[in-house]
Amino acid sequence: MDHTERKEHGMVALGVFCIGIGGEHHHARPGPANLNTLRRALQLGWVRVLPTIFGNALGLAVGGLACAFGAGALVLASDLAWALLQGLGVVYLLWLGGKLLITHETLLVDGANDPAAPRAAPLFREAFLLAVTNPKALLFYLALLPQSLDPTMGAGWGLALQAVTLVLTYCALSILSLSTYAALASALRNRVMTQARYTAFRRGSGIVILAFALKLLVG
C-alpha cells in the first residue's frame, strides 16, 4: 500500500471513529462530567472552569489509552477487576454527590479575588477522577476502537499510532463539547445567577449525581 492509500485509509478510520462519537453523544444524555462542568462554570465563570475541562480530557485519555493497549479488555474479562472499577465509580459519585448536598460553595463574583474560590489543582483533580473512574467510558472505547483501527496501515507501532490519534481526537471533541457547555453556563450566570440560585442548582446536581451512582450500581 502506497502513502496516498495509507492516508486515505487513515482518514476513513478517523471518520468512522468520529461518526461513532457523534452517535454516542446523540443517543446519550448528559452525564456527570457535563453536569460537573455546568456547575463549576455557573460558580466560577468560563475561564476559571478550564482546569475542570482539561482534567476530564486527561481522564478520558488515560482510559482510552488503557483500552488501546489492552488493559481495558483485561479489566472487562475479569469479573473482579470490573467490579472494582465499577465500585470505584460508584464510591466517587456518592462522595461527590454527598459533598454537593452538605457543603457550602460561594458563587464567585467576576473580577473578585475571592480566597474561598477553589484553586486550579482541586478542580482538575475532581474532573480527572470523575472521568477515569467512569466504567461507561471504558465500554465506549472498547466498542468503538476495534471498528476504527485499520490493520492494513501496519501492525505494532502503526496500530498504536492510530489508537493514540483516535483517543486524542475524542479528547479534543470532549474539550470542545464541555467548553460549549461552560460558555453557555457562563453567559447564563452573568444574567440570572445569584448565590441562592446557585446553591439550589448545586444541591440539585448532588441529587442527580447520586442518581447516577445508583444507576451505575444496579446497571
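Because only heavy atoms are used, hydrogens play no part in the values below, and waters and symmetry mates are left out as well, while side chains stay in.
In terms of the ring pair (Phe, Tyr, Trp, His ring centres under 6.0 Å) criterion, Trp82 has no residue partners (sequence neighbours excluded).
A distance of 7.5 Å separates CG of Asn36 from CG of Leu100, quoted to the nearest 0.5 Å. Note that the CG atom of Leu93 and the OG1 atom of Thr133 stand 6.0 Å from one another [nearest 0.5 Å]. Interatomic distance, CG of Leu123 versus CZ of Arg48, reported as 10.5 Å (0.5 Å rounding). Here the OH atom belonging to Tyr181 is positioned 15.5 Å from the OG1 atom belonging to Thr52, to the nearest 0.5 angstrom. Rounded to the nearest 0.5 Å, atoms CZ (Arg203) and CD1 (Ile102) are 11.0 Å apart. The CD atom of Gln86 sits 11.0 Å away from the CG atom of Asp79 when rounded to the nearest 0.5 Å.
Judged by distance alone, with hydrogens and angles left aside, the side-chain atoms of Thr199 form a donor-acceptor pair with the main-chain N or O of Gln195 at under 3.5 Å. Within the 3.5 Å criterion, the main-chain N or O of Leu184 finds no donor-acceptor partner in the side chain of Trp46. Of the possible polar contacts, none joining the Arg39 side chain to the Arg202 backbone as a donor-acceptor pair under 3.5 Å is found. Proximity of a side-chain donor or acceptor of Ser177 to a complementary backbone N or O of Leu173 within less than 3.5 Å is not detected.
Leu84 forms part of a hydrophobic cluster together with Leu80, judged by ILVMFWY side-chain heavy-atom separations under 4.5 Å.
Across Arg189 and Leu42, no two heavy atoms sit closer than the pair NH1-O, 3.0 Å. Across all their heavy atoms, Ala185 and Leu38 have their closest contact at CB-CD2, 3.7 Å. When every heavy atom of Leu178 is checked against every heavy atom of Ala33, the shortest pair comes out as CD2-O, 4.2 Å. A pairwise comparison of heavy atoms in Pro135 and Leu216 identifies CG-CD1, 3.5 Å as the closest pair.
Looking at heavy atoms from C-beta onward, Pro118 lies out of side-chain contact with Glu126 at the 4.5 angstrom threshold. For the pair Tyr92 and Ile209, the minimum side-chain heavy-atom distance is 4.5 Å or more.
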Indicate every side-chain donor-acceptor pair of residues 53-69 with a distance under 3.5 Å to a residue at least two apart or in another chain.
| residue | atom | partner | partner atom | Å |
| --- | --- | --- | --- | --- |
| Asn56 | ND2 | Ser174 | OG | 3.1 |

Practice prompt. Decide yes or no on side chain to side chain contact (heavy atoms under 4.5 Å, CB included) for Arg119 and Phe124, but give the supporting numbers first.
Written response: CA-CA 9 Å; Arg119 298 185 180 276; Phe124 185 92; over 6 Å; no
